[in-house]
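Down below is the structure, laid out as structure tokens.
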Amino acid sequence: MKILVIGSGGREHALVWKIAQDERVNKIYAAPGNGGTACEEKCENINMKASDIKALISFAKEHNIDLTVVGPEDPLSLGIVDEFEKEGLLIFGPNKDAAQMEASKAFAKDVMTKAGIATADYEKFNNYDDAVTYIRKKGAPIVVKADGLAAGKGVTVALSLEEAENALKEIFIDKIFGEANSTIVIEDFMEGEEATYLAITDGENVIPLSVSQDHKRVYDNDEGPNTGGMGAYTPAPVCNDEKLTRVTNEIAKPMINELKKRGIVYKGVIYAGLMINGESIKVVEFNARFGDPECQVVLSRIESGFLDALLGAAKGNLKGINIINKNMTATCVIMISGGYPKEYKTGYEITGIDEANKLENIKVFHAGTKTENNNILTSGGRVLCITAVDKDLLSSIKKAYDGVSKITFKDMAYRKDIGKKGLKNLGE
Ligand code: GLY
């Protein structure tokens with residue numbers, strides 16, 4: 001089988017790595033891929049942007065690709081799945097209408113309300129004056145969300161009114177997300193602990209994957225600005241098996257059923273960002289793709305069934321397909337270019353990746369790297385994802401940091417407390 005993976009982050013390296021383990025797969029192309037996908041035995045990078053849908057379709061036809069797997073949200077919201085399907089090409093991911101669950105916060109809130117899915121109360125605004133009057137009435141803490149895709153920067157959890165008003169000013173007056181992004185959702189602040197639920201669906205059947213916990217803030221103890229994610233672990237004790245079943249029945253299935261009523265079949269990954277507070281489980285957000293770095297740990301736990309699930313979802317028939325997880329815990333620590341998520345420098349040589357990969361049950365996924373004259377150089381904010389699996393959370397954390405200790409590059413930084421919340425929940 002020949003597979004095309006679209007995207008260039010740690011998530012896509014993990015997808016390539018996992019899919020390559022299936023004996024039926026003899027070739028994978030990554031578009032555009034990164035320094036890590038280029039090093040995977042069955043994989044070849046192709047120099048095509050993830051958003052160049054026409055070029056990707058031509059490539060898939062010319063190379064008889066059996067399945068295309070879409071990593072990031074941008075091509076999904078541009079309608080890559082609709083375009084591939086029109087050409088009779090098999091592709092894994094939601095179509096443009098379904099991808100609105102991520103691309104429009106207002107659409108997602110409406111679906112949740114109609115489907116009876118627990119989420120924070122909210123109001124929608126499209127001008128500064130009404131929005132500012134509302135937040136002054138409600139007070140802080142309060143959450144301001146830009147409606148459209150904003151590269152992970154569209155959500156402000158404002159702990160003070162000043163912070164909330166500043167977020168409104170940035171969206172409506174400074175227009176930092178552009179002219180088009182002039183609708184916002186203002187939500188009540190939710191107390192609790194966040195977790196990420198991922199599942200694969202064909203629009204009818206839902207296969208839940210292992211629940212994970214991301215670490216969004218750049219510094220230890222959840223301090224500093226939000227990032228794409230600084231590390232993750234799975235399974236997350238905050239969401240036990242009973243809660244996982246509840247999420248599938250009370251959140252994932254009602255979501256796809258509500259979309260079905262609107263004539264939309266949701267195929268691909270369901271990403272539900274959860275807020276768990278005791279027995280209460282509410283949805284913070286939906287995304288239409290695997291999380292990054294959640295994908296790296298969730299895929300590391302999978303024993304079998306992954307490619308069949310991707311194929312089944314893309315074909316609209318997941319019946320009888322199971323994903324089996326290893327009875328292990330996975331932890332991933334992200335190494336970043338110091339300064340990220342703000343200003344940072346790139347182009348520095350990275351050493352020690354091979355030494356880290358030689359450690360048992362460790363895999364170094366690349367995110368912002370490139371290869372030049374046989375050297376691996378930094379090329380982005382999130383650089384490497386050091387991922388370890390072991391018998392329990394404490395051992396997998398220790399192992400991941402053993403991997404981190406082998407790697408060096410100028411300006412490198414990482415959080416030292418990945419998994420700490422999980423250990424606390426386990427009473428360790
Ligand atoms: N790690 C958060 C996300 O992928 O959206």
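One-based numbering, in listed order, for ligands and for the atoms of each. Please read all numbers here as calculations on a predicted model, not as lab measurements. No hydrogens, no waters, no symmetry mates; every other heavy atom, side chains included, goes into these values.
Here the side chain of Glu163 pairs no donor or acceptor atom with the backbone of Leu161 at under 3.5 angstrom. Proximity of a side-chain donor or acceptor of Ser210 to a complementary backbone N or O of Thr234 within less than 3.5 Å is not detected.
A salt bridge is absent between Asp402 and Lys406; no separation between the charged side-chain nitrogens and carboxylate oxygens falls under 4.0 Å. Taking a cutoff of 4.0 Å between a charged side-chain nitrogen and a carboxylate oxygen, Lys260 and Glu204 qualify as a salt bridge. The pair Arg262-Asp110 meets the salt-bridge criterion, since a charged nitrogen lies less than 4.0 angstrom from a carboxylate oxygen.
When non-hydrogen atoms are compared, ligand 1 lies under 4.0 Å from neither the backbone nor the side chain of Phe290. Only the side chain of Glu294 comes within 4.0 Å of ligand 1, counting heavy atoms alone; its backbone N, CA, C and O stay farther away. By the criterion of a heavy-atom distance under 4.0 Å, the side chain of Asn287, and not its backbone, is placed next to ligand 1. Contacts between Arg289 and ligand 1, counted as non-hydrogen atom pairs separated by less than 4.0 Å, involve the side chain only.
In summary, the atoms of ligand 1 found under 4.0 Å from a heavy atom of Gly228, numbered by their order in the structure, are 1 (N), 2 (C). Near Gly291, the atoms of ligand 1 lying under 4.0 angstrom from a non-hydrogen atom of the residue are 4 (O).
Among all non-hydrogen protein atoms, the one lying nearest atom 1 (N) of ligand 1 is Asp214 OD2, 2.7 Å.
The shortest N/O to N/O separation between Lys216 and ligand 1 does not fall below 3.5 Å.
Seen from the ring of Tyr340, Arg382 does not count as a face-on cation partner, given the 6.0 Å and 45° thresholds.
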